[in-house]
Novice: 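First, the structure itself, so that you have it in front of you.
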Amino acid sequence: MSGYVKIVVAVDLSSESSPIIAKARSLAADNAELHLVYVQEPMDSVYLGVVPYGPVFVGMDQVEGRLKDELNDKLKALGREFDIPEDGLHFLSGTPSREIHRFVEEWDADLIVLGTHGQKGAQLLLGSTANSVLHGASCDVLAVRVPERD
Ligand code: AMP
C-alpha cells in the first residue's frame, strides 16, 4: 500500500487516460479518494479556413459549448469505467498546468498522476503538460509513461 489517500489524476480524455487511471488506482490506499481532472483550454474563435474574401472564424460560444458537452460525456464515461462518483469528476477551464496546481492545492492532494510521452530534444524545450505540472507542484507527481501519439 502506497499510503496516498488524496489522488488527482489529470486526464486529457484521449485513449491514454484509462491506463493512467488504472495505474493511479493500483497505487491508491483502500480508503483513498480518486479525483479525475480535465482542463479545457478556452478558445476565442475557431479558424474555419480561407475563402476568397478572407479567413473565416466562427464565434466560439456554440462550438465550445458543443465540445464541452462531448468532453464532459467522455469524463463521465471514465468515471463509470473506474467507479468514480460524479463528485470526483472535475471539468475545469483554463491553462491545464495552472488549473491542476490550483485544484491540488485547494483540495490538499498528496499525489498527482498524469501521462508523459518522454519527450526529447525540441519537444522538451517547448515543454509539455507533464513538465509544467511537475515544476511547482505542491505534492508528489507520478508521470506514467504512455506510448507516443501518432
Ligand atoms: P501532454 O503534455 O499534452 O502530452 O500530456 C501529458 C499528460 O498531461 C496527459 O497524459 C494527461 O495526463 C495530462 N494532460 C494533458 N492535457 C490535459 C488537460 N487538458 N487536462 C488535464 N490533464 C491533461
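Just the heavy atoms: all of them, side chains too, but no hydrogens, waters or symmetry mates, feed the values below. Remember, predicted model here, so these are calculated numbers, not experimental data.
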Novice: For Ala24, give me all partners under side chain to side chain contact (heavy atoms under 4.5 Å, CB included), at least two apart in sequence or on another chain.
Specialist: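 Ala24 satisfies side chain to side chain contact (heavy atoms under 4.5 Å, CB included) with Ile7, Val9, Leu34, Val113 only.
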Novice: Working to the nearest 0.5 angstrom, can you tell me the gap between Asn131 CG and Thr129 OG1?
Specialist: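 The CG atom of Asn131 sits 9.0 Å away from the OG1 atom of Thr129.
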Novice: Pairs of donor and acceptor atoms involving the side chains of residues 69-92, under 3.5 Å and at least two apart or interchain, shall be tabulated with distances.
Specialist:
{"residue": "Glu81", "atom": "OE1", "partner": "Ser18", "partner atom": "OG", "Å": "3.2"}
{"residue": "Glu81", "atom": "OE2", "partner": "Ser18", "partner atom": "OG", "Å": "3.2"}
{"residue": "His90", "atom": "NE2", "partner": "His35", "partner atom": "ND1", "Å": "2.6"}
{"residue": "His90", "atom": "NE2", "partner": "Asp87", "partner atom": "O", "Å": "3.4"}

Novice: Would Val37 and Leu13 show up in the same hydrophobic cluster when neighbours are defined by side-chain heavy atoms closer than 4.5 Å?
Specialist: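 As far as the 4.5 Å side-chain criterion goes, Leu13 and Val37 are not connected within one cluster.
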Novice: Can you tell me how far the CG atom of Leu114 sits from the OG atom of Ser17, to the nearest 0.5 Å?
Specialist: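 Going from CG on Leu114 over to OG on Ser17, the span is 11.0 Å.
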Novice: Under 3.5 Å, side chain of Thr95 to main-chain N/O of Arg98, donor-acceptor pair present?
Specialist: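 Not at all, since once roles are kept as given, no pair shorter than 3.5 Å links the two residues.
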Novice: Quick one, Ile20 and Val146 - any side-chain contact, counting heavy atoms below 4.5 Å?
Specialist: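 Yes - at least one pair of side-chain heavy atoms lies under 4.5 Å apart.
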Novice: Provide the closest heavy-atom pair for Pro147 versus His117 in the form atom of the first, atom of the second, distance.
Specialist: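 Minimum heavy-atom contact is O-CD2, 3.3 Å.
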Novice: With sequence neighbours excluded, what pairs up with Arg25 under the side chain to side chain donor-acceptor pair (under 3.5 Å) test?
Specialist: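 Partners of Arg25 by the side chain to side chain donor-acceptor pair (under 3.5 Å) criterion come out as none, since no residue qualifies.
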Novice: Kindly give the heavy-atom pair with the smallest separation between Cys139 and Ile112, and that separation in Å.
Specialist: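 What the structure gives for the nearest pair is SG-CG1, 3.7 Å.
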Novice: Flag yes if Val11 and Tyr4 sit in one hydrophobic cluster, no otherwise; membership is Ile, Leu, Val, Met, Phe, Trp, Tyr, and two members link when side-chain heavy atoms are under 4.5 Å apart.
Specialist: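 Both belong to a single hydrophobic cluster.
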Novice: Determine all donor-acceptor pairs shorter than 3.5 Å in which one atom belongs to a side chain in residues 101-110; sequence neighbours excluded.
Specialist:
{"residue": "His101", "atom": "ND1", "partner": "Ser97", "partner atom": "O", "Å": "3.4"}
{"residue": "His101", "atom": "NE2", "partner": "Val133", "partner atom": "O", "Å": "2.7"}
{"residue": "Arg102", "atom": "NE", "partner": "Glu99", "partner atom": "OE1", "Å": "3.0"}
{"residue": "Arg102", "atom": "NH1", "partner": "Glu106", "partner atom": "OE1", "Å": "2.8"}
{"residue": "Arg102", "atom": "NH2", "partner": "Glu99", "partner atom": "OE1", "Å": "2.7"}
{"residue": "Asp110", "atom": "OD1", "partner": "Val5", "partner atom": "N", "Å": "3.4"}
{"residue": "Asp110", "atom": "OD1", "partner": "Lys6", "partner atom": "N", "Å": "3.0"}
{"residue": "Asp110", "atom": "OD2", "partner": "Val5", "partner atom": "N", "Å": "3.0"}

Novice: Under 4.5 Å between side-chain heavy atoms, counting indirect links through other Ile/Leu/Val/Met/Phe/Trp/Tyr residues: same cluster for Leu111 and Val39 or not?
Specialist: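 No.
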